[in-house]
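This report concerns only the one structure given below.
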Protein chains: 2
Amino acid sequence: MIEEIKRVARQRLAAEGANLSLRAVARDMGMVSSALYRYFASRDDLLTVLILDGYNALGDAVEAADAAVTDRTRLRARWLSATRAVRDWALANRAEYALLYGSPVPGYAAPQDTIAAAARTPIVLAAILTDGYAAGIVTAAGFRRPASLPAAVQADLSRTRDQIAPGLPEELLHAGLTCWLQLFGVLSFELFGQLNNVIDARAEFFGQQMELMADLMGI
Amino acid sequence: MIEEIKRVARQRLAAEGANLSLRAVARDMGMVSSALYRYFASRDDLLTVLILDGYNALGDAVEAADAAVTDRTRLRARWLSATRAVRDWALANRAEYALLYGSPVPGYAAPQDTIAAAARTPIVLAAILTDGYAAGIVTAAGFRRPASLPAAVQADLSRTRDQIAPGLPEELLHAGLTCWLQLFGVLSFELFGQLNNVIDARAEFFGQQMELMADLMGI
DNA sequence: CACATTAGAGAGCAGTGATCTTGCAAGAGT
DNA sequence: ACTCTTGCAAGATCACTGCTCTCTAATGTG
């Protein structure tokens, strides 16, 4: 039953957009709205579950795309495959993408579960660098060195490194972080309409940007 | 009167978040909700006006920050000043930033007015490159050449160049576009909570990223 | 068979955007 | 000074929203 509600809610989300209506979901299911409260404590609760599912669905897609490159030393191919998977998933699930990476709901604070699920995608990307570093393919000296990192940023990177990419030099993590931001920057602009009248060849542009980021990471 | 409504709506937006309520605005003004319909055709109409104002306020701030650098040949200083202004404005007007650069409302299509206002900020950034190119400070060969651009992307860049940065080589515009995306990628992640538990030293990180982008553009 | 649990229905509350009609008050014209 | 027009806001109303409450019907389980 919970699965059925989520299924209907998802397609409702895809059809109508971000503002999901509990009553509409109930109507689609031939139920009365109050009945849904037996399965979800509130609308926000349902949204949270959808967000969690979204992060996991995206994580699955990205992990699969990365794993599809059998030669694990082809770091660039892994990066391009994984980032392409992010874009494909986002295009196929625009409303859910907006839920995950768009403007947050005002009073809403992400529970601990979601941040773990949300970390899956960056972990895949970081793993590409970690593998490359472990195999000696990519080195901390191999890419253009950024201007000296402020100490506070260095500390953040160090902490984050220990959490998601143990053993990776901070400089490499920093490069990866930059590319991660670029990835979602491009994607958000594309999906949120900011690229309208600027770039029409979306897929080509995205691919080219990811190539550029691969260059930046030195993979 | 229209100005008063917008003023109240803005502070309501800042206090409550994205989901602006017409009735709440009316209540704050000691009016009844229907009275607002004399000044705005609908809630979306009011939001559109706020969005337009937002783009213009941001444009004002960015233009002023760029103009504050008296030596126009100090391209890097102009870039850092302008991008810093974007961040400052965004932090001071979080809800409005979300309105401009967050998930769009489903059925909503931006009128022509807004795209002109929205272009002001990228135009300032492009002007930095255009000025530098005209003065011979920055050259198309001066930055790391991206992998060959697909023809369709090249065409988009050419068209965009003619609109906002006449005379600029496509390669330079491409570099600028990349940095523009990075700018808003970093900012959106910061404001939308995606950087929580990853980077705490926000200002330092942002500044460092913009330095890196300046390197990428070769300014 | 009796009991306990569960699923859903229905009414109702307070809030929302939007429309339409009504009333009021100031300003203009004679 | 008296009308009359016009501009503006109030009020009622509709359909919708999230949510709570109570009540009934079905479904096992001992």
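The sequence lines fix the lettering, A, B, ..., with proteins before strands; numbering per chain opens at 1.
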* **Side-chain ion pair, A/R7 and A/D28, N-O less than 4.0 Å** => no
* Assert yes or no for the condition that the ring centre distance of A/F189 to B/F184 is strictly below 6.0 Å. => yes
* Send over the distance from A/N19 CG to D/dC16 P, rounded to a whole Å. => 15 Å
* **C/dG15 base / B/R23 side chain donor-acceptor hit below 3.5 Å** => no
* Whole Å only: how far is the CD1 atom of A/I2 from the C1' atom of C/dT6? -> 13 Å
* Working for side-chain hydrogen bond (donor to acceptor under 3.5 Å, both in side chains), residues B/H174 and A/Q208 -> CA-CA 11 Å; B/H174 179 261; A/Q208 197 278 326; 2.6 Å; yes
* **Separation of D/dA9 C1' from B/E4 CD (nearest whole Å)** => 16 Å
* Gap between atoms CZ and P, on A/R43 and D/dG18 respectively (whole Å) -> 6 Å
* To do: Describe the nucleic acid contact of B/L20 in one word from base, sugar-phosphate, nothing, applying a heavy-atom distance below 4.0 Å.
  => sugar-phosphate
* Asked: Salt-bridged, B/D66 to B/R72, with N to O below 4.0 Å?
  -> yes
* Atom CE of A/M1 and atom C1' of C/dT6: how far apart are they, to the nearest Å? -> 12 Å
* Taking atom P of D/dC19 as reference, at what distance in whole Å does atom CG of A/D45 sit? -> 9 Å
* To do: Could you verify whether a donor N or O on one side chain and an acceptor N or O on the other, from B/S103 and A/S103, lie under 3.5 Å apart?
  => yes
* Go through the steps for A/D156 and B/R202 under the test salt bridge (Lys or Arg N to Asp or Glu O under 4.0 Å), then give the verdict. => CA-CA 10 Å; A/D156 285 336; B/R202 303 288 164 81; over 6 Å; no
* Asked: Between atom CZ in B/R12 and atom C1' in C/dG17, what is the gap in whole Å?
  -> 16 Å
* Asked: When you measure from every atom of DNA chain D, which of residues 27-38 of chain A have a heavy atom less than 4.0 Å away?
  -> A/R27, A/S33, A/S34, A/Y37
* Structure fact -> note: B/F40, atom CZ; D/dC8, atom P; distance rounded to Å ~ 14 Å
* Between the side chains of B/Q209 and A/T178, is a donor N or O closer than 3.5 angstrom to an acceptor N or O? -> yes
* Asked: Within the structure shown, what part of the strands sits under 4.0 Å from A/Y39 by heavy-atom distance: base, sugar-phosphate, or nothing?
  -> sugar-phosphate
